[in-house]
Amino acid sequence: MQVGIDKMSFFAPNYYLDMVDLAHARGEDPDKYLIGIGQSEQAVLPPTQDVVTMGANAADQMLTDADRADIQEIIFATESGIDQSKSGAVYVQKLLGLNRYARTIELKQACYSGTYGLMQARDYVTLHPEAKVLVIASDVARYGLETGGEVTQGAGAVAMLVTANPRIATLNQDNVFMSDDIMDFWRPNYSTTAVVDGKFSSNVYRDFFKELWERYQEQNQKTLVDFEAFVFHLPFTKMGLKALRDVLPEVSESKQTALMDAFEASRVYNKKIGNLYTGSAYLSLLSLLQNDASLQAGDDIALFSYGSGAEGEIFSLTLQPNYQDVLLTQQLPDLFKQREKLSIAAYEEMFNAGLTSGQDRQLDMTHDSAKFVLTGLQAQQRQYRKQ
Ligand code: CAA
């Protein structure tokens, strides 16, 4: 029996920042951001959204009533959770009207935990083929105003439904993974922004990728030739490009061109959303599936997942017949058409406007038309609404 991704969906907030505007404001050459970093726009989180509402907004768009009843596990991957105790999955279960007889759990290991969630889902469905598992990877990447990491911020959520006989892609049993205690990026409990050693983190990412790719090839007797595309965790899209370039010399020039074309398709959406931490690799997978017209059923895609701190994993997926029919292909183009561009001043104000204290507060709801919103805080309880 094959197990894998049956449905995928995405949500990002309705506001964005143009990286050319940010470059001008920070006294940088726009080409540094556009080419050197590989980002053109960045999703900005309004106070009325958080990882819970973004996750609910993403999943809601793909779930039928039957799915809601059949889901036996809700796995919520994030490194920007809203509570140190209660999982985001429990809030999502209620907001979406999901099966009460389900396990709910939140996972954390920087940008990596969405991949663990996906593998846990695969293993559960392998043992319980009638079950469906909802995996949500939802995050807000925050480094702070006027920091080196500012250009690599972003926000959004990817939702995936894992089932037997999936319609998008099977998850192959070929994973290799590794972890090491490394201080390249972390966020202490007292901080709302990440602490990062930027250059070091990029080097660790590449080192993990190269070591795991060697190991993957040895373990699975496969090489780059066996894949139509390589999808990467994209904290900024130049990062994946650097990793891909590290291994391209292993194949012929024509294969290099094909893999580069696939990489370009896989970063179309990430360039306009920014870093999604846990969801970045899966937004990139969505971007590939929706923007690479040369892909076909039966094609194998490799994926490198990386989370600072640090943990990495490589595995592959196989595309299923007519996978295009299940993709919500208008979701991201529509989002890009509808979202509002912010001035630098408006972005800076929004950056500092979130709920960060325990004081009761009612948020201004006039500018958020998403289905699930955060309306404020009462008696230290976040107030969510379906509208
Ligand atoms: N035209 C074209 N390119 C230009 C340019 C111009 N005018 N000016 C500069 N560049 C290029 C530089 O040559 C450089 O390219 P290379 O990396 O290929 O050498 C690139 O633009 C970036 O320039 P800098 O290295 O000078 O940039 P920076 O010092 O401002 O830092 C950064 C960049 C380290 C990514 C920083 O934004 C950062 O710390 N980001 C957050 C950390 C991060 O994302 N790390 C990734 C790995 S960790 C991970 O993956 C987990 C996670 O999600 C956080």
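When a ligand or atom number is given, it counts from 1 through the structure's own listing order.
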**Student:** Give yes or no for whether the N/O distance cutoff of 3.5 Å, strictly under, is met between Asp29 and ligand 1.
**Tutor:**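 Yes - when backbone and side-chain N and O of Asp29 are compared with those of ligand 1, one distance drops under 3.5 Å.
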
**Student:** Quick check on contacts: which atoms of ligand 1 are under 4.0 angstrom from a heavy atom of Ile37?
**Tutor:**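 Result: 22 (C), 33 (C).
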
**Student:** Is Gln219 atom CD crowded by more than 12 heavy atoms from other residues, nucleotides or ligands, each under 6.0 Å away?
**Tutor:**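 For Gln219, atom CD is crowded (more than 12 foreign heavy atoms under 6.0 Å).
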
**Student:** Check Val204 against ligand 1 and report side chain, backbone, both or neither, counting heavy atoms closer than 4.0 Å.
**Tutor:**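 For Val204, no heavy atom sits under 4.0 Å from ligand 1.
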
**Student:** Is Leu285 linked to Leu328 within one hydrophobic cluster, defined over Ile, Leu, Val, Met, Phe, Trp and Tyr using a side-chain heavy-atom separation of less than 4.5 Å?
**Tutor:**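 No, it is not one cluster - the side chains of Leu285 and Leu328 are not joined through contacts under 4.5 Å.
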
**Student:** Taking 4.0 Å as the limit for heavy-atom contacts, which would you say applies to Cys111 with ligand 1: side chain only, backbone only, both, or neither?
**Tutor:**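 Near ligand 1, Cys111 shows its side chain, while the N, CA, C and O stay back.
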
**Student:** What are the atoms of ligand 1, with element, lying closer than 4.0 Å to any heavy atom of Gly198?
**Tutor:**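 So the answer, numbered in order with elements, is 34 (C), 39 (O).
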
**Student:** Establish, from distance only, whether the side-chain atoms of Tyr384 and Asp50 form a donor-acceptor pair under 3.5 Å.
**Tutor:**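 A pair is found: one side chain offers a donor N or O, the other an acceptor, under 3.5 Å apart.
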
**Student:** According to a 4.5 Å side-chain heavy-atom criterion applied to Ile, Leu, Val, Met, Phe, Trp and Tyr, with indirect links allowed, do Val125 and Ile75 form part of one hydrophobic cluster?
**Tutor:**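 In one cluster: yes.
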
**Student:** Quick check on atom 4 (C) of ligand 1 - does any protein heavy atom sit closer than 4.0 Å to it?
**Tutor:**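 Yes, there is a protein heavy atom closer to it than 4.0 Å.
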
**Student:** N/O to N/O below 3.5 Å, does that happen between Thr152 and ligand 1?
**Tutor:**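 Checking ligand 1 against Thr152, an N or O pair does fall under 3.5 Å apart.
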
**Student:** Should you measure from each heavy atom of Ser201, which atoms of ligand 1 turn up under 4.0 Å away?
**Tutor:**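 Near Ser201, the atoms of ligand 1 are 42 (C), 43 (C), 45 (N), 46 (C), 47 (C), 48 (S).
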
**Student:** If you count the atoms of ligand 1 from 1 in the order shown, which ones are under 4.0 Å from a heavy atom of Val196?
**Tutor:**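 Answer for ligand 1: 42 (C).
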
**Student:** For ligand 1, does Glu150 get within less than 4.0 Å through its side chain, its backbone, both, or neither, judged by non-hydrogen atoms?
**Tutor:**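 Within the 4.0 Å criterion, Glu150 makes no contact with ligand 1.
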
**Student:** Please assess Leu22 against Val20 for the test side chain to side chain contact (heavy atoms under 4.5 Å, CB included), listing each intermediate value before the final yes or no.
**Tutor:** CA-CA 5 Å; Leu22 185 67; Val20 174; over 6 Å; no

**Student:** Could you check which of Pro235, Ser280, Ser308 puts a non-hydrogen atom nearest to atom 46 (C) of ligand 1?
**Tutor:**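 Comparing heavy atoms across Pro235, Ser280, Ser308, the nearest one to atom 46 (C) of ligand 1 lies in Pro235.
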
**Student:** When you look at OH of Tyr216, are more than 12 heavy atoms from neighbouring residues, nucleotides or ligands closer to it than 6.0 Å?
**Tutor:**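 Correct, the count exceeds 12.
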
**Student:** Does an N or O anywhere in Lys199 fall below 3.5 Å from an N or O of ligand 1?
**Tutor:**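 Yes; at least one N/O pair falls below 3.5 Å.
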
**Student:** Please step through ring pair (Phe, Tyr, Trp, His ring centres under 6.0 Å) for the pair Phe185 and Tyr277, ending with a clear verdict.
**Tutor:** CA-CA 12 Å; Phe185 167 108; Tyr277 290 161; 5.6 Å; yes

**Student:** Show the atoms of ligand 1 that are less than 4.0 angstrom away from any heavy atom in Phe185.
**Tutor:**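 Ligand 1 atoms under the 4.0 Å threshold to Phe185: 54 (C).
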
**Student:** Output the list of atoms in ligand 1 that are nearer than 4.0 Å to some heavy atom of Lys238, sorted by atom number.
**Tutor:**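 Per the distance check, 15 (O), 16 (P), 18 (O).
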
**Student:** Taking non-hydrogen atoms only, is Lys242 closer than 4.0 angstrom to ligand 1 via side chain, backbone, both or neither?
**Tutor:**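 The answer is the side chain of Lys242.
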
**Student:** Quick one: does Ile5's side chain get under 4.5 Å of Pro166's, heavy atoms only?
**Tutor:**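 A side-chain contact under 4.5 Å is absent here.
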
**Student:** Run the numbers for me: atoms of ligand 1, each under 4.0 Å from some heavy atom of Gly149, listed by number.
**Tutor:**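 Counting atoms of ligand 1 from 1, those under 4.0 Å from Gly149 are 37 (O), 38 (C), 40 (N).
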
**Student:** Per the ring-ring contact (aromatic ring centres under 6.0 Å, His included) rule, which among Phe230, Trp213, Tyr205, Phe208 passes with Phe304?
**Tutor:**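 The option that passes is Tyr205.
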
**Student:** Are any of the N or O atoms of Lys32 closer than 3.5 Å to those of ligand 1?
**Tutor:**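 Among all N and O atoms of Lys32, at least one is under 3.5 Å from an N or O of ligand 1.
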
**Student:** Against the six-membered ring of Phe372, is Arg385 placed for a cation-pi contact (under 6.0 Å from the centre, within 45° of the normal)?
**Tutor:**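 So Arg385 doesn't make the cation-pi contact.
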
**Student:** Testing Thr163, Asp67, Asn99 for side chain to side chain donor-acceptor pair (under 3.5 Å) with Lys132, which one passes?
**Tutor:**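 The single option meeting the side chain to side chain donor-acceptor pair (under 3.5 Å) with Lys132 is Asp67.
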
**Student:** Is any N or O atom of Gly148, backbone or side chain, closer than 3.5 Å to an N or O atom of ligand 1?
**Tutor:**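 Looking only at distances, the answer is yes, because the N/O contact criterion of under 3.5 Å is met.
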
**Student:** List ligand 1 atoms under 4.0 Å from His233, heavy atoms only on the residue side.
**Tutor:**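 Near His233, meaning under 4.0 Å from one of its heavy atoms, ligand 1 has 49 (C), 50 (O), 51 (C), 52 (C), 53 (O).
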
**Student:** Determine whether any protein heavy atom is located less than 4.0 Å from atom 13 (O) of ligand 1.
**Tutor:**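 Looking at atom 13 (O) of ligand 1, one finds that no protein heavy atom lies closer than 4.0 Å.
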
**Student:** Side chains of Gln109 and Ser113 only: does a donor on one sit below 3.5 Å from an acceptor on the other?
**Tutor:**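 On atom types as modelled, these side chains do not qualify, holding no pair under 3.5 Å.
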
**Student:** For Asp31, which part has a heavy atom under 4.0 Å from ligand 1: side chain, backbone, both, or neither?
**Tutor:**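 The answer is both.
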
**Student:** Salt bridge check, Glu73 against Arg103: does any charged N sit closer than 4.0 Å to a carboxylate O?
**Tutor:**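 Looking at Glu73 together with Arg103, the answer is yes, because their closest N to O distance falls below 4.0 Å.
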
**Student:** Between Lys7 and Gln61, does the side chain to side chain contact (heavy atoms under 4.5 Å, CB included) criterion hold? Intermediate values first, please.
**Tutor:** CA-CA 10 Å; Lys7 293 181 179 180; Gln61 296 179 56; over 6 Å; no

**Student:** State whether any protein heavy atom lies less than 4.0 Å from atom 30 (O) of ligand 1.
**Tutor:**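 Given the 4.0 Å limit, the answer for atom 30 (O) of ligand 1 is yes, a protein heavy atom qualifies.
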
**Student:** Specify the protein heavy atom at minimum distance from atom 54 (C) of ligand 1: its residue, its atom name, and the distance to 0.1 Å.
**Tutor:**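 Here the closest protein heavy atom is Tyr143 OH, 3.2 Å.
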
**Student:** How far is atom 21 (O) of ligand 1 from its nearest protein heavy atom, and which residue and atom name does that atom have?
**Tutor:**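 Heavy-atom neighbour on the protein nearest atom 21 (O) of ligand 1: Gly36 CA, 3.1 Å.
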
